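Below: one structure, written as structure tokens.
Given the structure is predicted, the values throughout are model-derived calculations rather than measurements.
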Amino acid sequence: MSETDTEEKPRILAIGAHPDDCDLKAGGCAILWAQTGSAVQFVSVTNGDAGHHEQSGKELADRRRVEAKAAGKVAGIEYQVLDNPDGKLVPGLEERWELLRLMREFQPDLILTHRPNDYHPDHRYTSQLVQDCSYLVGVPNICPDTPRLEKAPVIAYFSDDFQKPSPFEPDVAVDIDSVMDTKIRMLDCHESQFYEWLPWIDRHGIEMPADPDRRLEALARFARSFSRPSEKARDFLKRHYGDGRGVTVVNAETFEACEYGAEMDGDTIRRLFQIPR
């Protein structure tokens, strides 16, 4: 990423359903934003207290909160874990007001979150909550105790592989090669997930060796599998980074515009994602 000294640094709010969701989908960008001095906050809407096969409840929630804090420290960003139960999230009014106040307090220029079609109900409802707040953040009579946002933020979705009712369309692709190793160290902080729970539940094709010294290598392979640019993402990289660099990017994070946020045109993409012209 690059940015001129005259441009105001964007404020970035990434909202995932669970601790580690934002890291996997936007950890590289978060590191790059933090390096340029942007304010970046990751938010987990649930506390992750159900995502394990041996631990649960407060013990697991406390563990995951510590892991998230460690990941945030690696990236140089804020990391907030809300206390909604894992697997029980609903897009209700209390949850909406909690997220709306959080958005207003942070005053983001860009919000990142899940797409609304997803296998996990917590992912779907996190997306629904962000969409439900997209207009109301500017309405002064809603949650009047927290000043409304004067300017609507841009909203973009994390990438995914789901095809129905519509596949992910990359409107933005960011070269994260320079920080991929740091992103892997972020993910390494989430031991309960990447080394224990996800291999056990066996839904994501992640395999972890018993040898602790080889775990990081396996995690790196898993993380890199999520960051291979698609053909459409490659086209974006070549247009914005040039045919030379755009062709050689190995790791990229991609995002799709959400129509409920402010318009994400070319100038806005370059400003918020700090992508070369």
Checklist entry - Quick one: is the NZ or CZ of Arg115 closer than 6.0 Å to the six-membered ring centre of Phe162, and within 45° of its axis? => result no
Next on the checklist: The criterion is salt bridge (charged side-chain N to carboxylate O under 4.0 Å, His left out); which residues satisfy it with Asp267, sequence neighbours excluded?
Outcome noted: Arg270, Arg277
Next on the checklist: What verdict does the side-chain contact (heavy atoms from CB on, under 4.5 Å) test give for Asn47 and Arg64, after you've listed the backbone C-alpha separation in whole Å, the side-chain angles of each residue and the deciding distance to 0.1 Å?
Outcome noted: CA-CA 7 Å; Asn47 60 18; Arg64 300 201 68 185; over 6 Å; no
Next on the checklist: Walk me through whether Glu196 and Arg63 qualify under salt bridge (Lys or Arg N to Asp or Glu O under 4.0 Å).
Outcome noted: CA-CA 13 Å; Glu196 299 170 16; Arg63 184 183 179 191; 2.8 Å; yes
Next on the checklist: Any donor-acceptor pair under 3.5 Å linking the side-chain atoms of Gln55 with those of Asp49?
Outcome noted: no
Next on the checklist: Just to verify, which of Arg228, Lys25, Lys183, Arg224 counts as forming a salt bridge (Lys or Arg N to Asp or Glu O under 4.0 Å) with Glu253?
Outcome noted: Lys183
Item to check | Co-membership, hydrophobic cluster, residues Met264 and Met103, 4.5 Å side-chain | outcome: no
Checklist outcome for this item: Sequence neighbours excluded, the answer for ring pair (Phe, Tyr, Trp, His ring centres under 6.0 Å) partners of Trp200 is His53, Trp197
Next on the checklist: Test salt bridge (Lys or Arg N to Asp or Glu O under 4.0 Å) on Lys151 and Asp109; report intermediate values, then the result.
Outcome noted: CA-CA 8 Å; Lys151 182 180 178 182; Asp109 298 296; 5.2 Å; no
Checklist entry - Quick one: do Val130 and Leu89 end up in the same hydrophobic cluster if we chain Ile, Leu, Val, Met, Phe, Trp and Tyr together by side-chain heavy atoms under 4.5 Å apart? => result yes
Checklist entry - Can you find a side-chain donor-acceptor pair between Thr146 and Glu105 that sits under 3.5 Å? => result no
Checklist entry - So if you build clusters from Ile, Leu, Val, Met, Phe, Trp, Tyr with side-chain heavy-atom gaps below 4.5 Å, do Phe273 and Leu13 land together? => result no
Checklist entry - According to the interplanar angle, ranging from 0 to 90°, do the rings of His114 and His123 count as parallel (below 30°), tilted (30 to 60°) or perpendicular (above 60°)? => result parallel
Item to check | Joint hydrophobic cluster, Leu187 plus Val81, side-chain heavy atoms closer than 4.5 Å | outcome: yes
Item to check | Criterion side chain to side chain contact (heavy atoms under 4.5 Å, CB included) against Thr254, the qualifying member of Phe168, Tyr157, Phe236, Phe158 | outcome: Phe168
